[in-house]
Amino acid sequence: MSFSGMVKEELSRQVGKGLHCQIAETAALLCACGKITPEGLLRFQTENEAVLRKYFTLLEKTFNIKKEISVRENSYLKKGSVYFIELSDPGQIQAVLQRTKLAREGENGETLYLCNALVIQQSCCKRAFVRGAFLASGSISDPRKGYHFEIVCQDEKKAKQLQEIIRSFQIDAKIVLRKKSYVVYVKEGAQIVDMLAVMEANVALMDLENIRILKEMRNTVNRKVNCETANINKTVNAAVKQMEDIKLIQQTIGFESLNEGLSQIAQLRLQYPEATLKELGLMLVPQVGKSGVNHRLRKLSEIADGLRDDKEELL
């Protein structure tokens with residue numbers, strides 16, 4: 001099962017304790033998956049069993065309505081099944097729409113919209129609404145591969161309404177148009193953790209946090225290794241250049257042409273090519289610090305560069 005499927009499975013088993021929260025979640029599910037058919041039926045349709053189970057449970061617990069589930073093969077690519085729960089009794093339909101504060105809009109009055117903010121007035125109800133919206137039409141990427149949370153909405157009005165609810169939890173949800181749908185999304189890892197907390201998907205939240213911690217530790221180790229490797233390469237390259245400079249001086253003008261300090265460090269570097277600047281400084285008589293050793297090696301490099309320039313002029 002995908003990470004997104006695991007989150008939905010966890011949320012499908014979670015039913016708000018308060019009746020007001022159950023109503024808010026039912027409203028979100030119907031906004032995404034519900035419509036009024038031309039025959040006047042209130043139809044809830046989904047391909048996800050977890051979403052169907054949640055709506056079925058809420059319908060029974062919240063409205064005391066028990067309905068049979070209809071199943072139809074998905075004609076699109078003949079893949080999977082489509083599940084239906086339909087209400088035909090006008091009294092039941094009116095009761096559901098009235099309590100969830102949903103209104104019919106659109107050309108044929110099929111689309112359902114949340115028309116009264118009273119349903120999501122309390123923070124717990126906003127959480128329930130977001131939970132229902134995600135269950136119905138949301139997805140979350142595998143955190144091992146990347147961070148992306150989204151809820152697909154049928155139109156811009158529903159997307160902006162959902163965005164406003166999510167932003168009330170200080171989460172910077174954005175909207176993008178994708179084909180004919182509007183997608184409310186969050187991409188930052190820490191804010192996706194906050195989204196799971198809002199929906200009260202506590203098991204998934206812990207799983208994601210563990211993955212984030214492991215990824216951050218791995219990235220930290222990689223940065224340190226890369227930094228150390230770069231420092232080692234820099235040190236090795238500098239040592240190789242120093243050896244080349246000293247050998248050039250030895251072969252052209254000889255160490256006897258150097259002053260005592262430069263001659264001493266040049267011979268020590270040839271003798272101990274892998275020694276650090278500090279170690280070389282301790283070998284000198286009198287001893288010299290790292291900066292003093294580095295100064296002498298720079299002087300040797302300048303002398304070697306001058307010899308190279310003279311050789312090029314002669315050529």
Side-chain angles (χ1 to χ4, degrees), residues 1 4-37 40-72 81-104 111-138 151 153 158 161-162 165-166 168-169 195-205:
M1 184 183 291
S4 190
M6 290 168 58
V7 175
K8 288 193 176 187
E9 189 63 33
E10 180 183 354
L11 294 178
S12 70
R13 295 191 296 269
Q14 189 177 132
V15 178
K17 295 179 181 178
L19 183 62
H20 43 84
C21 293
Q22 295 170 17
I23 291 172
E25 191 164 0
T26 305
L29 288 169
L30 284 170
C31 273
C33 299
K35 70 174 185 177
I36 302 295
T37 69
L41 304 177
L42 175 56
R43 175 181 292 168
F44 182 85
Q45 175 180 325
T46 181
E47 298 176 12
N48 190 307
E49 289 185 37
V51 178
L52 178 80
R53 186 167 63 246
K54 186 61 170 288
Y55 178 70
F56 183 86
T57 302
L58 288 170
L59 205 59
E60 184 175 347
K61 288 179 70 72
T62 311
F63 301 95
N64 197 27
I65 297 174
K66 297 182 180 180
K67 295 298 294 183
E68 294 293 324
I69 297 170
S70 302
V71 184
R72 184 185 304 165
S81 300
V82 180
Y83 304 96
F84 297 89
I85 295 180
E86 292 181 337
L87 300 183
S88 57
D89 184 285
Q92 290 181 340
I93 295 172
Q94 182 65 24
V96 171
L97 296 182
Q98 190 171 25
R99 295 184 72 182
T100 55
K101 306 301 180 191
L102 295 178
R104 300 169 59 179
T111 309
L112 297 173
Y113 288 91
L114 183 66
C115 63
N116 192 325
L118 186 65
V119 173
I120 51 171
Q121 190 171 17
Q122 300 183 61
S123 178
C124 58
C125 296
K126 289 179 181 177
R127 292 175 184 272
F129 191 91
V130 173
R131 182 165 61 241
F134 176 78
L135 260 174
S137 58
I151 299 175
C153 300
K158 289 184 179 181
Q161 191 175 58
L162 182 59
I165 295 170
I166 293 173
S168 70
F169 293 100
M195 282 301 309
L196 291 175
V198 166
M199 298 187 298
E200 299 175 304
N202 298 322
V203 175
L205 187 153

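Atom set for the values below is all heavy atoms of this structure, side chains included, hydrogens, waters and symmetry mates excluded.
To the nearest 0.5 angstrom, Asn116 atom CG is 5.5 Å from Lys101 atom NZ. Atom CG in Leu52 sits 11.0 Å away from atom CD in Gln45 (nearest 0.5 Å). Taking CG from Leu59 and CG from Leu42, the interatomic distance works out to 8.5 Å, rounded to the nearest 0.5 Å. The OG atom of Ser81 sits 12.0 Å away from the CG atom of Asn48 when rounded to the nearest 0.5 Å. Atom CD of Gln94 is separated from atom CG of Leu87 by 12.5 Å, given to the nearest 0.5 angstrom. Here Leu114 contributes atom CG and Ile120 contributes atom CD1; the two are 5.5 Å apart, rounded to the nearest 0.5 Å.
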CA sep, side-chain torsions, deciding dist, call: Thr100, Val119, side-chain contact (heavy atoms from CB on, under 4.5 Å): CA-CA 7 Å; Thr100 55; Val119 173; 5.6 Å; no
From CA spacing to verdict: side-chain contact (heavy atoms from CB on, under 4.5 Å), Phe129, Leu162: CA-CA 9 Å; Phe129 191 91; Leu162 182 59; 4.3 Å; yes
Arg127/Glu200 under salt bridge (charged side-chain N to carboxylate O under 4.0 Å, His left out): CA gap, chis, key distance, verdict: CA-CA 8 Å; Arg127 292 175 184 272; Glu200 299 175 304; 5.3 Å; no
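Judged by distance alone, with hydrogens and angles left aside, the side-chain atoms of Lys67 form no donor-acceptor pair with the main-chain N or O of Glu60 at under 3.5 Å. Side chain of Glu10 to backbone of Ala204: a donor-acceptor contact under 3.5 angstrom is found. Counting only distance, with no hydrogens or angles, the side chain of Lys126 and the backbone of Ala24 share no donor-acceptor pair below 3.5 Å. At distances below 3.5 Å, not a single donor-acceptor pair connects side-chain atoms of Arg99 with backbone N or O atoms of Phe63.
Looking at every heavy atom in both residues, Leu30 comes nearest to Tyr55 through CD2-OH, 3.7 Å. What you find for Ile166 and Met195 is that their closest heavy atoms are CG2-SD, 3.6 Å. Contact detail for Leu102 and Cys31: the closest heavy-atom pair is CD2-SG, 3.6 Å. For the pair Arg43 and Phe84, the tightest heavy-atom approach, listed with the atom from each and the gap, is CD-CD2, 3.5 Å. When all heavy atoms are compared, the tightest approach of Leu11 to Met199 is CD2-O, 3.4 Å. In terms of heavy-atom proximity, Phe169 sits nearest to Val198 at CG-CG2, 3.7 Å.
By the 6.0 Å and 45° rule, Lys8 stacks over the aromatic ring of Phe134.
In the displayed structure, Glu49 atom CD is contacted under 6.0 Å by at most 12 heavy atoms of other residues, nucleotides or ligands.
Using modelled atom types, one finds a donor on one side chain and an acceptor on the other under 3.5 Å when comparing Arg53 with Ser12.
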